[in-house]
There are 2 protein chains.
Amino acid sequence: MRTDTVYKKAFNRAANMLRDGQLAGELPSENELRRRMCVSRTTVRKVLRELVHRELVTECNGHRSTGRPVGDNDYYPDAETTPRAKHVEQQFMEWMLRGDTRPGTSINELELARQFGVATNGIREFLIRFSRFGLIEKRPNTGWLFKGFTEDFALELFEIRVMFELRSAQLFSLQPDSSPLWSKLAALKMAHTDLLERIEGRFHDFSGLDNRFHRLINEASQNRFIDDFYDIITFIFHYHYQWNKHDEKQRNLAAIHEHIAYIGALESRNSTRIEVACRAHLASARETLMRSLTAFDESSINA
Amino acid sequence: MRTDTVYKKAFNRAANMLRDGQLAGELPSENELRRRMCVSRTTVRKVLRELVHRELVTECNGHRSTGRPVGDNDYYPDAETTPRAKHVEQQFMEWMLRGDTRPGTSINELELARQFGVATNGIREFLIRFSRFGLIEKRPNTGWLFKGFTEDFALELFEIRVMFELRSAQLFSLQPDSSPLWSKLAALKMAHTDLLERIEGRFHDFSGLDNRFHRLINEASQNRFIDDFYDIITFIFHYHYQWNKHDEKQRNLAAIHEHIAYIGALESRNSTRIEVACRAHLASARETLMRSLTAFDESSINA
DNA sequence: AAGTTGTTTTTTATGGATAAAGTTCATGCT
DNA sequence: AGCATGAACTTTATCCATAAAAAACAACTT
């Protein structure tokens with residue numbers, strides 16, 4: 001049966017809004033709520049029905065207003081707000097990156113389905129989607145081949161990444177002064193210096209910033225294939241570093257400095273400086289990944 | 001139910017082998033046949049059973065040998081040898097490229113499923129696979145958006161293509177003399193001059209040659225993302241020109257000459273010459289596509 | 001007329017079943 | 001021991017069913 005994660009997530013969101021006063025007094029119309037929560041009215045109505053049922057909202061001759069205060073246990077647990085497909089993704093990435101899955105292993109849809117507790121269909125759809133990342137390959141009628149999260153992979157990934165980003169960065173520097181990209185860049189620059197000051201406690205915030213920064217640069221090239229490729233980067237980094245926190249603060253600190261230099265180069269609009277800064281940063285990102293890859297390999301072997 | 005296209009295709013292949021004498025006299029073992037036909041022994045046995053049943057092969061105390069001659073109507077029709085997934089692909093491409101499907105149209109899985117006579121699952125799997133081509137986009141819980149086979153698409157596609165191929169071509173020229181790529185290139189050069197002589201009747205053969213040529217160049221970069229990207233090109237060109245034969249001979253003739261110049265440049269190992277030849281050829285390929293796109297748009301409008 | 005809410009219809013996300021194809025195990029033959 | 005066939009088992013390709021979510025329609029209200 002289809003999961004009701006959309007409803008549950010919407011419910012939690014509504015509860016949050018009630019709690020921090022965004023919905024004080026009389027509630028807005030169903031349509032207004034629908035817009036704010038980005039779900040269909042059908043779902044909004046389901047949420048409202050439950051809110052009323054739990055007396056978080058009171059209904060009296062057609063008018064709805066806030067009811068009793070929201071308690072911590074009014075929320076649905078997080079796991080129930082994530083669709084199956086997302087769970088499959090998470091479990092697969094864990095299986096691949098943390099298990100001792102070696103290059104050359106063949107992937108069995110049925111086995112994964114059993115292991116993850118979903119229908120084979122869901123596994124298959126995930127694998128098709130995932131295959132664009134270059135880590136698995138389909139052999140018709142037979143199954144999938146895991147090619148390995150190897151150094152080769154990282155090298156090929158960065159070869160493309162550098163090519164794309166050099167181009168985007170040069171295009172960026174050619175934007176007219178009036179382009180909104182410049183102000184966004186200035187804002188990001190500030191965010192970087194701010195983070196630098198609070199680095200001690202907040203170094204986890206870097207990954208979000210990193211993503212925003214590179215996405216911004218890519219925006220200059222307005223090419224869907226470059227965008228899509230950056231999705232791969234984001235995805236891989238997200239999962240890989242989620243389980244690989246070694247030296248995180250150190251790494252992020254260095255990267256922040258590289259970013260700041262890179263931003264400076266962009267603002268100078270000096271083509272050579274840009275190339276140098278861009279290459280320097282990406283080379284260092286690649287080294288970080290490569291190092292963690294070898295470390296990772298060793299830990300798997302010894303595990 | 002799963003289609004038995006694998007069996008039928010294998011059967012046809014076996015019939016062909018019988019017909020042109022590759023299997024004269026006593027047949028090889030099941031395992032040997034399996035290897036030659038690239039299917040499982042299970043399928044080989046099914047084929048053999050049917051061959052015997054139709055007396056194309058005779059069996060006598062455990063030994064199999066050729067029976068009556070193969071007739072034209074012993075073959076299964078082509079349509080029955082293509083798996084559902086492939087049919088979906090073909091029908092979808094036709095729907096997209098030939099129908100009057102406008103950019104911005106939303107794609108309905110159920111509707112396509114009905115139209116194509118398959119289960120929704122098959123449609124969905126195809127769309128997921130196809131989404132990497134940058135022509136459609138998924139909006140969760142809602143459907144897919146067709147972004148249009150537009151000029152923007154062609155421009156973005158070629159922007160990447162040029163970037164990749166310039167790099168591959170330069171890497172190609174740096175290969176040592178001993179690299180097998182050089183002899184493959186020489187063979188392709190011959191194939192080109194041969195085709196040039198027989199251009200009148202054989203200009204359809206160019207697309208295969210074109211594909212082989214560019215794939216060969218890409219081989220020099222040994223990067224899975226570049227390979228995968230060329231899959232997009234191949235796919236798009238395959239379907240697009242399948243229904244767009246305008247000026248085909250003319251186009252191909254020009255392209256052959258460009259290829260020959262390009263090959264010469266590679267053989268000269270002169271970096272500048274290579275860049276010029278590569279850019280020239282790709283620019284002309286892009287123009288061809290763009291022209292046919294506008295022509296295509298107009299014909300759709302008038303249709 | 002534009003915005004509400006109530007109701008019905010359509011479509012997506014997900015699970016389940018099954019024939020076909022692939023793989024492994026068993027037995028027998030040189 | 002090594003290869004051939006037979007039989008049993010496993011996995012993939014494919015269809016179908018259904019609850020959840022979205023969209024469309026209808027009836028009111030201000």
Side-chain angles (χ1 to χ4, degrees), chain A residues 1-10 27-35 37-49 59 62-64 83-88 106-114 116-128 138-144, chain B residues 1-10 27-34 37-49 59 62-64 83-88 106-114 117-128 138-144:
Chain A
M1 190 204 336
R2 186 176 179 169
T3 57
D4 56 355
T5 53
V6 173
Y7 153 70
K8 284 177 175 166
K9 187 172 252 166
L27 299 202
S29 80
E30 293 174 359
N31 260 315
E32 176 56 24
L33 284 169
R34 180 182 79 73
R35 239 161 296 163
M37 318 214 308
C38 300
V39 293
S40 74
R41 196 162 66 88
T42 306
T43 301
V44 167
R45 300 188 100 227
K46 196 168 167 188
V47 168
L48 285 171
R49 206 165 347 126
E59 197 168 31
H63 290 253
R64 280 181 285 252
R84 276 295 140 73
K86 190 75 183 173
H87 279 138
V88 169
S106 71
I107 296 170
N108 182 314
E109 292 176 3
L110 199 56
E111 189 187 313
L112 286 185
R114 278 191 294 248
F116 298 172
V118 298
T120 51
N121 253 316
I123 299 288
R124 178 187 278 248
E125 282 177 18
F126 171 76
L127 293 174
I128 297 172
K138 183 164 175 56
R139 289 167 309 173
N141 300 315
T142 299
W144 298 78
Chain B
M1 190 199 344
R2 188 176 176 165
T3 56
D4 56 356
T5 52
V6 172
Y7 152 71
K8 283 176 176 164
K9 187 172 252 167
L27 299 203
S29 79
E30 293 174 358
N31 261 315
E32 176 57 23
L33 284 170
R34 180 182 78 74
M37 318 214 309
C38 301
V39 292
S40 74
R41 194 160 67 84
T42 305
T43 301
V44 167
R45 301 185 100 225
K46 194 167 169 187
V47 168
L48 285 171
R49 207 164 348 126
E59 196 168 31
H63 291 254
R64 280 181 284 254
R84 277 296 142 73
K86 190 78 183 171
H87 278 138
V88 169
S106 70
I107 296 170
N108 183 313
E109 294 175 2
L110 198 57
E111 188 187 315
L112 288 184
R114 279 190 294 246
V118 298
T120 51
N121 251 315
I123 299 287
R124 178 188 278 247
E125 282 177 18
F126 169 77
L127 293 174
I128 296 173
K138 184 165 174 53
R139 289 168 309 175
N141 301 315
T142 300
W144 298 79

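No experiment lies behind these values; they were computed from the predicted model shown. By convention in this document, chain letters (A, B, ...) are assigned in the order of the sequence lines, proteins followed by strands, and residues within each chain are numbered from 1.
If you measure from atom CZ of B/Arg45 to atom P of D/dA4, you get 13 Å, rounded to the nearest angstrom. Atom CZ in A/Arg124 sits about 8 Å away from atom P in D/dT12, given to the nearest Å. If you take CD of B/Glu32 and P of D/dC3, they are 12 Å apart, rounded to a whole angstrom. Atom NZ in B/Lys8 sits about 18 Å away from atom P in D/dA13, given to the nearest Å. Here the C1' atom of nucleotide D/dA13 and the CZ atom of B/Arg84 are 10 Å apart, to the nearest Å. A/Lys46 has its NZ atom 13 Å from the C1' atom of D/dA22, to the nearest Å. Distance B/Leu48 CG to D/dA4 P: 13 Å, rounded to the nearest Å. For the pair B/Leu27 CG and D/dA4 P, the computed distance is 13 Å after rounding to whole Å.
Residue order along DNA chain D, read from the 5' end via each residue's closest nucleotide, puts B/Pro28 first among B/Ala85 and B/Pro28. Residue whose closest nucleotide on DNA chain D sits further toward the 5' end, between A/Thr3 and B/Lys86: B/Lys86. Along DNA chain C, the nucleotide nearest B/Glu109 and the nucleotide nearest A/Glu59 are compared for position; the residue whose nucleotide lies closer to the 5' end is A/Glu59. Annotation: of the two residues near DNA chain C, B/Gly143 and A/Ala119, the 5′-most nearest-nucleotide partner is B/Gly143.
With hydrogens and angles left out, the side-chain atoms of B/Asn31 and B/Arg34 include a donor and acceptor closer than 3.5 Å. Between the side chains of B/Asn108 and B/Arg114, no donor-acceptor pair is found at a separation under 3.5 Å.
Note: B/Lys46 NZ to B/Ser40 OG = 10.0 Å, rounded to the nearest 0.5 Å. The distance from the CD1 atom of B/Ile128 to the NZ atom of B/Lys138 is 7.0 Å, given to the nearest 0.5 Å. To the nearest 0.5 angstrom, A/His87 atom NE2 is 13.5 Å from A/Phe126 atom CZ. For the atom pair OG1 of B/Thr43 and NZ of B/Lys8, the computed distance is 13.0 Å after rounding to the nearest 0.5 Å. Annotation: the span from B/Lys86 atom NZ to B/Thr5 atom OG1 amounts to 12.0 Å, rounded to 0.5 Å. Atoms NZ and CE, from A/Lys9 and A/Met37 in turn, are 12.0 Å apart once rounded to the nearest 0.5 Å.
Side-chain nitrogen and oxygen atoms of A/Arg2 include none within less than 4.0 Å of the OP1 or OP2 phosphate oxygen of D/dA21. In this model, the phosphate group of D/dA21 is not approached by any side-chain N or O of A/Thr43 to a distance below 4.0 Å at OP1 or OP2.
The residue A/Gly62 sits apart from the nucleic acid: no heavy atom pair falls under 4.0 Å. B/Arg64 comes within contact range of the sugar-phosphate backbone alone, with a heavy-atom separation under 4.0 Å but no base atom that close. Across all strands, A/Thr5 comes closer than 4.0 Å only to sugar-phosphate atoms, never to a base (heavy-atom distances). Counting any heavy atom pair closer than 4.0 Å across all strands shown, A/Lys138 reaches sugar-phosphate atoms only and no base atom. Within 4.0 Å of A/Arg114, counting heavy atoms only, lie sugar-phosphate atoms of the nucleic acid but no base atom. Among the heavy atoms of the strands lying under 4.0 Å from B/Asn121 is at least one base atom, whether or not backbone atoms are also near.
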For this session: If a protein heavy atom is under 4.0 Å from the base, mark B; if only from the sugar-phosphate, S; if neither, -; do that for nucleotides 23-30 of chain D going 5' to 3'.
Result: BB------
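Closest heavy-atom contact between A/Trp144 and A/Glu109: NE1-OE2, 3.0 Å. A/Ala119 and A/Ala113 make their closest contact through C-CB, 4.1 Å (heavy atoms, listed as atom of the first residue, atom of the second, distance).
Taking 4.5 Å as the limit, every side-chain heavy atom of A/Val47 sits out of range of all side-chain heavy atoms of A/Leu33.
The bend of the helix from C/dA1-D/dT30 to C/dT30-D/dA1, defined by the angle between the axes of its first five and last five pairs, stands at 30° to the nearest 10°.
Among B/Val118, B/Ile123, B/Thr120, the one residue that satisfies the side chain to side chain contact (heavy atoms under 4.5 Å, CB included) test with B/Leu112 is B/Ile123.
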For this session: Show the numbers, then the answer: is there a side-chain contact (heavy atoms from CB on, under 4.5 Å) between A/Val88 and A/Glu125?
Result: CA-CA 10 Å; A/Val88 169; A/Glu125 282 177 18; over 6 Å; no
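Between chain A and DNA chain C, the heavy-atom contact criterion of under 4.0 Å yields a 5' to 3' nucleotide range of C/dT4 to C/dT23.
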